[in-house]
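Chain letters run A, B, ... following the sequence lines, proteins first and then strands; every chain starts at 1. What you see below is based on every heavy atom in this structure, not just the backbone, and it leaves out hydrogens, waters and symmetry mates.
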Number of protein chains: 2
Amino acid sequence: MSPRGPKTPITMQDLADLAGVTRGTISRALNDSPRVKEKTKARIRDLAKKHNYRVNVKARNFRLRRSGVIAVVFMLNIKSEQHMSDPFFLEMLGGIADCLAEHDLDLFLAHAPIADVLAHQDSRVFQNSDGVIFIGQGEQHSELNEIAMSGAPIVVWGAQLPDQQYCRVGGDNVAGGYMAAKHLLENGRRRIAFFGDVNLPEIAQRFSGYKKALEEHGVKFDPALQIDVPFEMSHARETINELLSSDTRFDSALCSSDVMALSAIATITEFGLSVPDDIAIVGYDDIGLASYGSPALTTVRQNIRWAGRVLVESLLSILNGQEVADTTLSSELVVRQSSGVTAPN
Amino acid sequence: MSPRGPKTPITMQDLADLAGVTRGTISRALNDSPRVKEKTKARIRDLAKKHNYRVNVKARNFRLRRSGVIAVVFMLNIKSEQHMSDPFFLEMLGGIADCLAEHDLDLFLAHAPIADVLAHQDSRVFQNSDGVIFIGQGEQHSELNEIAMSGAPIVVWGAQLPDQQYCRVGGDNVAGGYMAAKHLLENGRRRIAFFGDVNLPEIAQRFSGYKKALEEHGVKFDPALQIDVPFEMSHARETINELLSSDTRFDSALCSSDVMALSAIATITEFGLSVPDDIAIVGYDDIGLASYGSPALTTVRQNIRWAGRVLVESLLSILNGQEVADTTLSSELVVRQSSGVTAPN
DNA sequence: TTTACGAATACAATCGATTGTACATCGTCC
DNA sequence: GGACGATGTACAATCGATTGTATTCGTAAA
């Protein structure tokens, strides 16, 4: 009803006319350039506020040849719907989004198939953004190397790999796998399954930590206990069901994510076994559901939100032309009571 | 190593020079204008492909005075971290993102406090986007009305409310609440708690459906059974714990989301009661965890991904200058076996 | 009073595309 | 052979800001 909402927003030229100066001076004043007298600046700022002036972001970005957007690409080897439903993703995204907002940057969520993204670097992902954050390396280590060497500003969440040409941020996967396995071993477990796809670099490192713990405790590793359990819930349940129905016996399992751990608990329970009495489960990530779920989950905590911040800050440094070192964030084991591991029956 | 990655991408003028025509012709040719001869178009297209030309999106958007971005704002009355962790959010976001991608639009995720977003419509959210999708109405119905009347293109996921001036898409909350309550009643439950904040429009409608079912079954509504359980997990558990420790007795509960239902199950189980024997739980939304969790959750399904698509399509129609009607998506009750409601002990 | 100099501002090119209008070319008809 | 439509291109303004360079102004020194 009320005649609010001017359809055509006020432009910098309008403001210049109002102030009796030129666009250039307005621009400098609003950007706090030393070339404009303080008094003039103040006058212009007031006028801008009074007329509710906002710079046209599209015009500015065009002029500055930037987009003000950072793209985030998720790189698991499964379809995008499936990652998206993992709370790990969300928490990481939250950390990234918060940090980007503080720097006045927008977030572009890429949901195209990974292959497409990497195939032509001229895709929307690169065209539309000032930089790209990759979550996970998938099996695309060499492609990421190529992209980085082509000069595109990127950072990658993942494992430290040989010949790595890009800036990486990641958790301490070897230590994580080690801690988790050690915890189970110290509670008397001996047949510890490892649930996860060791073709993924991060998982492979956890796997090596797991084997190291076994070795230290004089437990021989049984290859039958390493199972390529997919991240996605329904597929995970199928795979675990098959395992339960097979000849392979195990008294505990180290899962590659909390969601996988929750699937495992559900599957095992439905199978008629008890968690943790018959089979103890340890997760990875420490997502919110892990602590509030039933039973609460023992898991390896990665500070995911903080990781998101580190990714952003690293990328911004790169955009600033600085050399940026890799970062490895430490992990810790979170032992929760109600799924506390007890000696097997 | 290899000399890949031209630092300065080819511009339309370059292409024009190469083709021996002017920018204008190139532009028209690539946009398939009838004003350019087919043969010329083909030649230009080939040349563009050969030189790997891409239009500069920033320049085009600037010229067309659009951003190519749709903003999504979440509107619950709790801090953003907390919504973000609800899988309901993610699935909706997934649907929206997929649909936007099909229309070659980007997604901007607003995570600023709601009050800020609404207070000055000149915020980033409105400045940077061609349209805004609000998820939930919170208690801001009138603010949303104002925004819509100011001419800003918006769509809102939520309940149908009186005097509504904006385009709305939502589930059938009255029917949802009704179905859920009826299900419990038909399974012999009589003391059915309602967990949710009835100040939120959607919840209020479910609540009215719930009361309608009670009435039809001749069960008197006890106000003590309506509890303002927050959406966020840890707070939900506190609230439910208090209820369990109080004098109020109940044999079942209708929750406002699946996450809340999962919290309830965990809390009740830890309290020493059995779900569903002592207390039956019904959720809302049918998120992925609901079906794969343990125990599987009986819940009211909203087709969230599809809802996301409808929101986007509606917004695009509005941007196209069309009048768009409200949409109410039907809900259905999903009864799952392992939490199947049985007669109380 | 003139000169010189520094501070403050005006001027104008520029970013890369879109699009209305003007011009050129060609075949056709009288 | 010249006028006349069509058709296909070229020309140039435009979107809204940033920024290097030129210009003006005021003031202090000569």
Side-chain angles (χ1 to χ4, degrees), chain A residues 6-45 47-48 51-69 104 106 122 124 126-130, chain B residues 6-45 47-48 51-69 104 106 122 124 126-130:
Chain A
K7 289 296 172 210
T8 47
I10 182 175
T11 154
M12 190 177 269
Q13 181 65 62
D14 298 338
L15 200 63
D17 295 344
L18 255 55
V21 298
T22 58
R23 287 201 304 282
T25 303
I26 299 282
S27 174
R28 289 195 168 84
L30 295 178
N31 288 314
D32 204 28
S33 152
R35 280 178 50 179
V36 178
K37 188 158 56 173
E38 272 311 326
K39 209 173 144 193
T40 312
K41 279 188 201 169
R43 191 164 59 87
I44 290 178
R45 272 197 291 263
L47 209 60
H51 290 84
N52 198 28
Y53 169 77
R54 309 270 142 182
V55 303
N56 180 321
V57 182
K58 309 179 231 347
R60 150 185 271 158
N61 283 340
F62 169 52
R63 183 57 170 80
L64 296 180
R65 318 173 86 170
R66 52 161 237 170
S67 62
V69 170
D104 230 26
D106 286 347
D122 37 43
R124 289 172 68 73
F126 290 91
Q127 254 270 321
N128 274 345
S129 69
D130 297 334
Chain B
K7 289 298 174 210
T8 48
I10 182 174
T11 153
M12 190 177 270
Q13 181 65 63
D14 299 338
L15 200 61
D17 295 344
L18 257 53
V21 299
T22 57
R23 286 201 304 283
T25 302
I26 299 282
S27 174
R28 289 197 167 83
L30 295 178
N31 288 314
D32 205 28
S33 154
R35 280 177 50 178
V36 178
K37 189 157 54 173
E38 272 309 327
K39 209 172 143 192
T40 313
K41 278 188 200 168
R43 191 165 59 87
I44 290 177
R45 272 196 291 261
L47 209 60
H51 290 82
N52 198 29
Y53 169 76
R54 310 267 143 183
V55 304
N56 180 322
V57 182
K58 309 178 228 356
R60 148 184 275 159
N61 283 340
F62 169 52
R63 183 56 170 82
L64 297 181
R65 315 171 89 170
R66 54 162 237 170
S67 63
V69 171
D104 230 26
D106 286 346
D122 37 44
R124 288 172 69 72
F126 289 92
Q127 255 269 322
N128 274 345
S129 70
D130 298 334

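- Backbone-only engagement by A/Leu64 is indicated by non-hydrogen atom pairs under 4.0 Å involving sugar-phosphate atoms exclusively.
- If you check every strand for non-hydrogen atoms under 4.0 Å, B/Asn31 touches sugar and phosphate atoms only.
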### Query
DNA chain D in dot-bracket, Watson-Crick or G-U pairs under 3.5 Å, [ ] crossing, | other strand?
||||||||||||||||||||||||||||||
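- Looking at A/Arg63, its side chain has no donor and acceptor atom pair within 3.5 Å of the base of D/dT19.
- In the interface, the side chain of B/Arg28 is not paired with the base of D/dT9 through any donor and acceptor atom under 3.5 Å apart.
- Side chains of B/Asn61 and B/Ser67: no donor on one and acceptor on the other come within 3.5 Å.
- The CD atom of A/Gln13 sits 12 Å away from the C1' atom of C/dC11 (whole-angstrom rounding).
- Here B/Ser27 lies in heavy-atom contact (under 4.0 Å) with a base.
- The interatomic distance linking B/Asn61 (CG) with D/dG16 (P) rounds to 14 Å, in whole Å.
- Residues from residues 33-42 of chain A placing a heavy atom under 4.0 Å of any atom in DNA chain C, listed by number, are A/Arg35, A/Val36, A/Lys37, A/Thr40.
- DNA chain C is contacted by A/Gly20, A/Val21, A/Thr22, A/Arg23 of residues 16-24 of chain A, taking any non-hydrogen atom closer than 4.0 Å.
- C/dC15 has its base stacked against the ring of A/Phe62, the centroids being under 5.5 angstrom apart at an interplanar angle below 30°.
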